[in-house]
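The first residue in the sequence is number 1, and the count goes up from there. Start at 1 and go down the list; that is how both ligands and their atoms are numbered.
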Amino acid sequence: MNVIRVVVVGYGGMGSWHCDRIRSMEKFELAGVWDINPAKLKNAREDGIFTYGSFEEVLADESVRLLVIATWNDVHKPLCIEAMRHGKNVISEKPVSMSLSDLDETIAVAKETGRLFTVHQNRRWDDDYLTMKNIRDKNLLGKVFRIESRVQGSRGIPGDWRREKGHGGGMVLDWGVHLLDQALTMNDQNLLESVFAHVTHVTNDECDDGFYCELLFKDGLRYYVEVTTNNFITLPRWYILGENGSAVIEDWDLSGKMTLVHNWDKIDSVPVKAGTGITKTMAPRTDETIHDEPLELVRGKWEQYYDNIYDVLEHGAQQTVTWRQMRRCLKLIEAVFASAESGSVIRFDEDA
Ligand code: NAD
């Protein structure tokens with residue numbers, strides 16, 4: 001088995017995470033790291049990792065086939081392009097670029113050089129996402145007409161480069177890119193028709209510190225995405241509504257349930273008191289018409305991401321996170337900003 005030597009560029013939170021993972025995999029060997037911050041290089045050496053003296057030194061090391069770019073968002077594009085021009089294959093951290101036109105330039109270089117170029121959309125392997133996707137794929141609730149996907153924090157936007165526009169800060173480009181990529185991957189062949197979004201600036205003026213977004217897909221599915229950072233009471237991570245049932249995943253611990261209707265037509269109810277009035281419409285279902293079921297948990301195997309990278313490089317396999325998907329996600333991010341800016345619904349052009 002050929003072992004692929006890798007350099008991680010950027011030894012911050014995510015760069016050191018990649019280093020740990022690469023060091024645990026047989027198919028890959030961590031050749032070293034490069035970071036513009038000498039303190040980060042010192043950290044790497046203390047962690048027993050070889051450090052390069054410059055990016056040029058990394059590029060000149062012919063034993064290295066793969067670079068993982070785990071820097072601030074604004075330099076993903078130039079580093080990926082430079083790396084490919086020097087014969088290296090690259091994985092970029094997300095977001096792969098700051099704009100669709102930047103991504104197209106980078107893809108053009110990948111085509112020209114024949115190098116691997118992809119992005120680390122690791123949250124396609126998250127258990128909560130796969131559990132929700134499975135409910136829809138297996139039709140466990142009947143036809144699904146609404147999905148709500150939320151992450152909510154209470155500490156505002158982080159105090160680092162994520163507050164700065166110049167470095168590609170903001171929550172749309174941070175958590176948003178994960179949740180939007182999940183929405184699109186879950187609907188890979190279901191055309192996205194429109195986008196309506198609102199971005200928030202509760203804790204930071206320069207960059208958005210969250211957003212609310214409604215996606216409408218061709219089959220009628222309405223998919224709501226929310227990333228917010230000033231919530232002291234949180235709502236469930238996932239909420240999904242189908243014609244014959246509802247499901248909830250409360251948190252990363254996968255607590256939750258499905259509630260299924262087994263006697264839909266038995267809708268007689270006794271009016272219940274509601275505020276200053278009464279209601280039959282909103283009265284809860286009786287136990288003889290609904291029942292709860294545990295979630296069918298699906299465990300993600302994130303290692304498949306790097307396995308695929310190996311197979312692309314060694315056996316010519318197709319990359320799992322494709323250029324079409326990367327373009328679709330960045331187009332959606334641009335539509336989110338355009339909708340927020342104009343206060344209007346944006347028609348999504350799948351062919352652009
Ligand atoms: P960080 O600030 O902890 O680390 C970034 C590092 O990049 C810093 O050490 C900085 O000095 C270095 N750097 C900046 N420009 C550089 C350059 N030109 N050359 C070399 N090094 C450079 O940030 P982080 O939280 O590790 O985020 C890094 C990237 O990882 C971001 O793109 C972020 O969106 C992504 N990320 C992904 C996930 C995920 O789950 N996929 C999670 C967190 C962060």
Side-chain angles (χ1 to χ4, degrees), residues 6-22 31-47 49 51-59 61 64 67-83 86 88 90-99 102-103 106 118-129 151 153 155 157-182 185 207-209 227 229 252 300 302-306 309 320-321 325-326 329-330 333:
V6 191
V7 167
V8 174
V9 180
Y11 195 67
M14 206 53 196
S16 53
W17 186 92
H18 278 283
C19 287
D20 286 348
R21 297 301 179 286
I22 292 163
V33 303
W34 161 243
D35 196 297
I36 48 169
N37 181 346
K40 297 295 174 96
L41 293 175
K42 186 164 171 280
N43 291 346
R45 284 192 294 274
E46 285 165 3
D47 294 337
I49 298 171
T51 57
Y52 288 81
S54 66
F55 189 52
E56 290 65 36
E57 212 176 276
V58 175
L59 298 178
D61 185 343
V64 171
L67 265 54
V68 177
I69 309 296
T71 60
W72 307 320
N73 298 340
D74 57 317
V75 283
H76 292 172
K77 173 193 162 190
L79 293 173
C80 287
I81 288 181
E82 184 92 8
H86 284 80
K88 308 298 185 202
V90 277
I91 298 173
S92 169
E93 253 311 335
K94 56 81 205 168
V96 63
S97 293
M98 307 268 285
S99 68
D102 278 358
L103 174 59
T106 318
T118 191
V119 61
H120 186 227
Q121 293 295 167
N122 48 317
R123 293 196 177 280
R124 292 187 190 184
W125 285 268
D126 280 5
D127 298 346
D128 58 289
Y129 164 69
V151 289
R155 291 180 180 79
I157 195 162
D160 56 9
W161 56 270
R162 286 173 176 80
R163 298 181 79 89
E164 297 170 28
K165 222 178 182 69
H167 285 315
M171 282 294 124
V172 174
L173 290 176
D174 196 61
W175 266 96
V177 65
H178 283 304
L179 269 50
L180 295 170
D181 178 73
Q182 288 179 337
T185 309
C207 297
D208 70 274
D209 57 11
V227 175
T229 51
W252 308 111
W302 166 84
E303 298 72 17
Q304 288 170 347
Y305 180 82
Y306 268 95
I309 299 292
T320 302
V321 183
Q325 293 168 341
M326 288 149 69
C329 189
L330 266 193
I333 285 174

Sub-4.0 Å atoms of ligand 1 with respect to non-hydrogen atoms of His120: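 Once the distances to His120 are compared, the set is 41 (N).
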Ligand-residue contact atoms, ligand 1 with Lys40, heavy atoms, under 4.0 Å: 9 (O)
Name the closest protein heavy atom to [atom], giving the residue it belongs to and the distance to 0.1 Å.
| atom | answer |
| --- | --- |
| atom 34 (O) of ligand 1 | Lys94 O, 2.8 Å |
| atom 11 (O) of ligand 1 | Asp35 OD1, 2.6 Å |
| atom 44 (C) of ligand 1 | Arg162 NH2, 3.5 Å |
| atom 32 (O) of ligand 1 | Asn73 OD1, 2.6 Å |

Heavy-atom proximity to atom 29 (C) of ligand 1, best of Ile69, Asn122, Ile36, Thr71: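 That would be Thr71.
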Residue part near ligand 1, for [X], under 4.0 Å between non-hydrogen atoms:
| X | answer |
| --- | --- |
| His167 | neither |
| Met14 | both |
| Phe55 | neither |

Asp160 heavy atom under 4.0 Å from ligand 1: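 Flag not set, Asp160 not near ligand 1.
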Proximity flag Gln121 to ligand 1, non-hydrogen atoms under 4.0 Å: no
Aromatic centroids of Trp161 and His167 separated by under 6.0 Å: no
is_close_aromatic(Trp125, Tyr129), centroid dist under 6.0 Å: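 Centroid separation for Trp125 and Tyr129: 6.0 Å or greater.
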